[in-house]
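Structure first, then comments.
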Number of protein chains: 2
Amino acid sequence: MQSVRDSAATTTASSHRKQAGRAPVVPTFSPLYRQIKALITRSLRDGDWKPGEAIPSEQMLARRYGVSQGTVRKAIDELAAEHLLVRRQGRGTFVASHNEARAQFRFLRLRPDEGEPAQPESRILECRRLRAPAEIARLLRTRPGETAVLIRRLLAFANTPTVLDEIWLAGGRFRGLTAERLSAYRGPMYGLFEAEFGTRMIRCEERIRAVAADGSVADALDVPLGHPLLLVDRLSYTYNDVAVEVRRGYCVTSGFHFFNELL
Amino acid sequence: MQSVRDSAATTTASSHRKQAGRAPVVPTFSPLYRQIKALITRSLRDGDWKPGEAIPSEQMLARRYGVSQGTVRKAIDELAAEHLLVRRQGRGTFVASHNEARAQFRFLRLRPDEGEPAQPESRILECRRLRAPAEIARLLRTRPGETAVLIRRLLAFANTPTVLDEIWLAGGRFRGLTAERLSAYRGPMYGLFEAEFGTRMIRCEERIRAVAADGSVADALDVPLGHPLLLVDRLSYTYNDVAVEVRRGYCVTSGFHFFNELL
DNA sequence: TAGTGGTCTAGACCACGTG
DNA sequence: ACGTGGTCTAGACCACTAT
């Protein structure tokens, strides 16, 4: 067992003890608990512990890393705040998963105006591999022409078509993804991605606009030409701020709205 | 000086020590640091410390409340996470304010597609007191017919009219608010509210839809009739989850977008 | 009863900002 | 040099869950 303090890593990601030399322009100081946090994050990214599973207890991690329980605790606190881990008193700390009730609506903000948030039915229209257009490649930070997965799907609430999505995924991470597997999966798409492709969506940026429905979109969503739609452009990231999904959604907001909370 | 532990409040908001009696259906257990948090929140609500000012140091608060510094620290941690307080290492802990660079864009999510987020110019079209319509009264949880303040204003980025807002405020909190004071104020409207009316906006819920511009809106925003607009319905709360503002905004999203981050 | 996370304390020392 | 928040430790005990 090798502690953080004694490890070679201490040289680069220095301990919290006094650091020699002049004050750097950009402070490189990294407290111990953040180094522990980075180690845990790496284990999560590498799949050492799978979504839904418990990670080792705080005491065990403290011994493993050679720090106090309080320090491990602070690292886990931050990871829990970022929804990478979920604490359950008396049971343990678990790797967060999109296949759980609590996570269902974190990335699905469209809700019916009346009644409870509901899970829409998904119909896969298309799923194929092809060369990423320049714009997609730029956002995914891959070389232009790199292969990507394109998914087109329709979401419906109670048989009302509501969202038309066009989704681009980084090709390397999703080999073997097909329309059949997407259609067969019970649960949210991000749940499939994390369970079967080892890629977990951590956070998204969304840019929202209002647009008029053009021919093909109006057709798919069963609204008149020119009908106002919400255009939601999403960029999703996994561990280490790596962009892996570009998504464009057209949403009907008659009877539905996009819910957002500013905290 | 009276400590939390000895105070009468301990009877109701019990300490963390063993609580007698059977396990209640809804656990009423409230840890010490949350009681401290509630005390600090009350001081904030009551204006004991004003926005922008420093609150007493952790050591002083610990002595005042008769607990350890670590417990005060944990209370402040949560308040800082909720943006009620701002910590500044080496200087102290400060009451958050909307009149600060860091807070400028937390409640203003509309951004230019290109370039940095910018502060729009505001033109007040109207500001008057009148009886709240039933729907507004319901949302503000006041009696129907209670007086409210109605503000209508236009936001423009670089002389491009972009947002038309209709804002309803709980009447009792904003006596003496006029179009003149709104126009004269340098800085965001929420900054005026907190500085001159003692009401600080803490969090908002927003419901977003796409709609077609009708006559009057199209006119004010200088867009064609039927132009797609973002309709943003906002409900804002101050301390203790009290709703104090209902706002409806129509946003032009040509050259602009609504930015949202899912964390 | 045992094990986990949750709370609280007391003390030492570090990093940062200001005199 | 001083005061502030920030980090780290060690230990005690509480609340919750499973067995």
Side-chain angles (χ1 to χ4, degrees), chain A residues 3-5 10 13-37 40 49 53-63 65-81 85-95, chain B residues 3-5 10 13-37 40 49 53-63 65-81 85-95:
Chain A
S3 88
V4 170
R5 285 258 174 54
T10 308
S14 63
S15 98
H16 76 290
R17 304 299 178 194
K18 178 150 215 111
Q19 291 169 42
R22 336 169 15 100
V25 179
V26 174
T28 93
F29 169 69
S30 167
L32 236 196
Y33 76 88
R34 278 207 195 278
Q35 302 176 44
I36 304 302
K37 184 185 175 188
I40 296 174
W49 311 305
E53 289 180 7
I55 70 171
S57 75
E58 295 178 352
Q59 284 292 0
M60 285 182 57
L61 290 174
R63 280 197 298 273
Y65 297 133
V67 300
S68 78
Q69 183 189 358
T71 299
V72 169
R73 191 168 178 72
K74 184 143 191 188
I76 292 179
D77 277 346
E78 290 200 356
L79 292 167
L85 294 176
V86 177
R87 295 173 169 290
R88 291 185 200 146
Q89 187 174 112
R91 304 218 292 142
T93 301
F94 297 76
V95 182
Chain B
S3 88
V4 170
R5 285 255 173 58
T10 308
S14 64
S15 98
H16 75 292
R17 303 299 178 195
K18 179 150 213 107
Q19 292 169 44
R22 338 169 13 101
V25 179
V26 174
T28 89
F29 170 68
S30 168
L32 236 195
Y33 75 89
R34 280 208 194 275
Q35 302 176 44
I36 303 303
K37 183 185 175 188
I40 296 175
W49 310 306
E53 288 180 8
I55 71 172
S57 73
E58 296 179 352
Q59 284 291 1
M60 286 181 57
L61 290 173
R63 281 197 297 274
Y65 297 133
V67 300
S68 78
Q69 184 189 356
T71 299
V72 169
R73 191 167 178 72
K74 184 143 191 188
I76 293 179
D77 277 346
E78 289 201 355
L79 292 168
L85 295 175
V86 177
R87 315 184 90 122
R88 290 184 200 144
Q89 188 175 113
R91 306 218 294 145
T93 301
F94 297 77
V95 182

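None of the values given here were measured: they were computed from a predicted structure. Numbers restart at 1 for each chain; the letters A, B, ... are given by sequence-line order, proteins then strands. The figures here come from the full heavy-atom set of this structure, side chains too, leaving out hydrogens, waters and symmetry mates.
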Query raised in the report: How far apart are the C-alpha atoms of Thr93(B) and Leu79(B), what are their side-chain angles, what is the distance that settles it, and do they pass the side chain to side chain contact (heavy atoms under 4.5 Å, CB included) test?
Result: CA-CA 11 Å; Thr93(B) 301; Leu79(B) 292 168; over 6 Å; no
Look for any protein N or O under 3.5 Å of an N or O in nucleotides 3-5 of chain D and output each such pair with its distance, or none.
unit_1 : atom_1 : unit_2   : atom_2 : d
dG3(D) : N2     : Gly90(B) : O      : 2.8
dT4(D) : O2     : Gly90(B) : N      : 3.3
dG5(D) : OP1    : Thr93(B) : OG1    : 3.4
dG5(D) : OP2    : Glu58(B) : N      : 3.1

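For the pair Leu85(A) CG and dG5(C) P, the computed distance is 11 Å after rounding to whole Å. Rounded to a whole Å, the CG atom of Asp77(B) is 13 Å from the P atom of dC8(C). If you take CZ of Arg34(B) and P of dA15(D), they are 15 Å apart, rounded to a whole angstrom. Between Arg63(A) atom CZ and dT9(D) atom P there is a gap of 15 Å when expressed in whole angstrom units. Remark: P of dA15(C) and OH of Tyr33(A) are 14 Å apart, rounded to the nearest angstrom.
Proximity note for Leu32(A) (side chain, C-beta onward) versus dT9(D), dA15(D), dC8(C): the nearest is dT9(D). Side chain of Ser68(A), nearest nucleotide from dT9(D), dT7(C), dC8(D): dT9(D).
Here the closest non-hydrogen pair linking Val95(A) and Leu85(A) is CA-CD2, 4.0 Å. Looking at every heavy atom in both residues, Ala75(B) comes nearest to Ile40(B) through CB-CD1, 4.5 Å. In terms of heavy-atom proximity, Pro56(B) sits nearest to Leu61(B) at O-CD1, 3.6 Å.
In this model, the phosphate group of dT7(C) is approached by a side-chain N or O of Lys74(B) to a distance below 4.0 Å at OP1 or OP2. Distances shorter than 4.0 Å separate none of the side-chain N or O atoms of Thr71(B) from OP1 or OP2 on dT7(C).
A donor-acceptor contact shorter than 3.5 Å is absent between the side chain of Glu58(A) and the backbone of Val72(A).
Scored by the side-chain hydrogen bond (donor to acceptor under 3.5 Å, both in side chains) test, Lys37(A) finds Glu78(A), Glu82(A) as partners (sequence neighbours excluded).
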